[in-house]
Amino acid sequence: MAAATNFSQSPLISKTRTHSLNHYPFPKNTILPFKLSKSYSLKPLSLKAVISQQNPATTTTQETTQFKHCFTKSQDGFLYCENLKVQEIMESVERRPFYLYSKPQITRNVEAYKDALEGLSSIIGYAIKANNNLKILEHLRGLGCGAVLVSGNELRLALRAGFDPTRCIFNGNGKLLDDLVLAAQEGVFVNVDSEFDLENIVAAARIAGKKVNVLLRINPDVDPQVHPYVATGNKNSKFGIRNEKLQWFLDAVKAHPNELKLVGAHCHLGSTITKVDIFRDAAVLMVNYIDEIRSQGFEVDYLNIGGGLGIDYYHSGAILPTPRDLIDTVRELVLSRDLNLIIEPGRSLIANTCCLVNRVTGVKTNGTKNFVVIDGSMAELIRPSLYDAYQHIELVSPASPSAEVSTFDVVGPVCESADFLGKDRELSTPAKGAGLVVHDAGAYCMSMASTYNLKMRPPEYWVEEDGSVSKIRHGETFEDHLRFFEGL
Ligand code: LLP
């Protein structure tokens with residue numbers, strides 16, 4: 001059996017009070033040129049809306065459509081978030097890299113899932129690992145989401161955000177006993193990942209004095225056709241139980257009637273999936289397992305299918321599967337077995353709601369390559385360095401007419417060559433201090449940020465429905481770092 005590895009978590013610094021900006025620089029009802037997305041300069045990029053630029057599954061040609069986004073470049077050459085100029089927001093907040101979200105876009109993304117799920121009994125289990133900002137979690141909870149958790153701290157945070165624990169699912173291949181005890185006490189669904197995990201869940205149930213509702217996480221052995229780092233449902237993955245061991249797990253559940261109640265089956269395929277057929281294939285397998293489990297007298301009525309939809313990281317206007325496409329491929333199967341459906345989206349709910357906003361420190365060349373050096377870096381946003389992931393980059397204000405358009409690597413100040421946010425990007429040569437955004441930074445960016453090179457984690461803001469801007473997380477400071485050494 002593969003050794004279990006615990007999900008590593010960033011230390012949580014609980015500084016998540018909402019602050020309206022002290023000085024709100026925009027008249028409330030300013031009419032700004034909006035809806036001008038036609039001016040978007042779309043390059044004829046092939047569809048590669050996945051984590052890696054090397055994934056062959058994504059190079060299909062697909063019809064393109066005008067890209068619509070909460071961040072739009074208007075005809076005046078300025079980037080807007082909803083109807084606010086990003087440049088003006090930059091000037092009104094702390095002078096350091098920051099994450100900027102659109103709260104209405106978060107709502108719109110959840111509504112798309114809710115509309116798609118109409119007519120089904122379901123839980124939208126938001127995957128907290130994608131973004132664990134407390135204010136965002138409270139908003140998602142208010143919109144009716146449940147939560148998918150992969151650590152005890154994510155469970156504690158979900159409880160703090162007010163999530164109903166009976167709409168939460170605890171996942172993971174290395175869940176710790178203490179965390180399982182908390183899950184048992186709170187009545188959270190727990191997905192069984194292995195033999196030792198089952199033993200720990202039984203032990204947790206005894207300690208908590210509560211029966212745990214469990215689902216079996218079955219490895220469906222389906223290739224999600226994504227970057228290997230985010231594939232979870234193929235045979236070689238460290239996650240889930242081998243399907244040929246299913247009977248062993250059913251017998252083990254039967255042997256613990258006071259500790260375990262089997263309520264369903266779970267599978268997770270991977271992240272950045274761009275073909276819904278993959279979900280359909282997995283759902284067919286899963287309902288067959290559910291039929292088999294039911295035939296042994298278990299009353300299971302939850303199907304938990306994880307696997308996250310990809311998004312248009314390239315801003316190429318590619319048509320990617322929508323939540324409706326996803327749900328419609330499994331709807332009949334779910335209804336045919338009278339199941340409750342649990343889905344676990346992270347990225348597709350939150351990624352496109354946010355940009356990392358940076359300032360240009362300077363421009364340089366090594367003779368063959370040009371570099372735009374910004375204040376943000378791999379510490380704030382590691383996906384390009386870690387996965388060679390593409391995230392779209394643009395300047396927030398029009399460049400001067402005399403600025404030459406060139407190809408640049410966009411890099412940070414961190415002292416290693418892995419520190420890049422984008423390679424070979426065509427940009428107008430920016431002036432010192434110009435604003436530059438990395439798009440689609442809502443998922444797995446802040447939650448994976450570090451303090452490498454003592455670049456402290458950035459503050460976060462969102463644009464509210466009424467057009468005001470609020471701080472939704474304080475930036476970390478040097479003093480926060482020193483606090484870890486106090487009294488030692
Ligand atoms: N549920 C489980 C059990 C998962 O393992 C994941 C993601 C999700 C839900 C959410 O999937 P999503 O809808 O976000 O695709 N750090 C990588 C992503 C790793 C995701 C792994 N599991 C990245 O930056 O792209």
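In what follows, every heavy atom counts, from backbone to side chain, and hydrogens, waters and symmetry copies are set aside. Fair warning: this is a prediction, and the values are worked out from it, not measured in the lab. For ligands, and for the atoms within them, numbers begin at 1 and follow the listed sequence.
Applying the salt bridge (Lys or Arg N to Asp or Glu O under 4.0 Å) test to residues at least two apart or on different chains, the pairs with a partner in residues 278-292 are D291-R337. Within the structure, salt bridge (Lys or Arg N to Asp or Glu O under 4.0 Å) pairs that include any residue of residues 298-311 do not occur (at least two apart or interchain).
Using a 4.0 angstrom heavy-atom cutoff, S271 counts as in contact with ligand 1. The shortest heavy-atom distance from A130 to ligand 1 is not under 4.0 Å.
Counting non-hydrogen atoms of neighbouring residues, nucleotides and ligands closer than 6.0 angstrom, the CG atom of D338 reaches no more than 12 such neighbours.
With a 4.0 Å heavy-atom cut-off, ligand 1 is reached by the side chain of Y387 but not by its N, CA, C or O.
Counting heavy atoms only, E344 comes closest to atom 9 (C) of ligand 1 of the residues Q391, E344, R383.
Within ligand 1, counting atoms from 1 as listed, the ones closer than 4.0 Å to a heavy atom of N171 are 3 (C). The distance from ligand 1 to the heavy atoms of P345 drops below 4.0 Å at these ligand atoms: 13 (O). The R347 neighbourhood of ligand 1 comprises atoms 12 (P), 13 (O), 14 (O), 15 (O), 18 (C), 23 (C), 25 (O), with distances under 4.0 Å to a heavy atom of that residue. Near A127, meaning under 4.0 Å from any of its heavy atoms, are these atoms of ligand 1: 8 (C), 9 (C), 10 (C).
Ring geometry, F484 versus H481: the interplanar angle exceeds 60°, so the pair is classed perpendicular (tilted spans 30 to 60°).
For K455 and E380, the salt-bridge test passes: some basic side-chain N is under 4.0 Å from an acidic carboxylate O. Note on K135 versus E138: salt bridge recorded, some NZ/NE/NH1/NH2 to OD/OE distance being below 4.0 Å.
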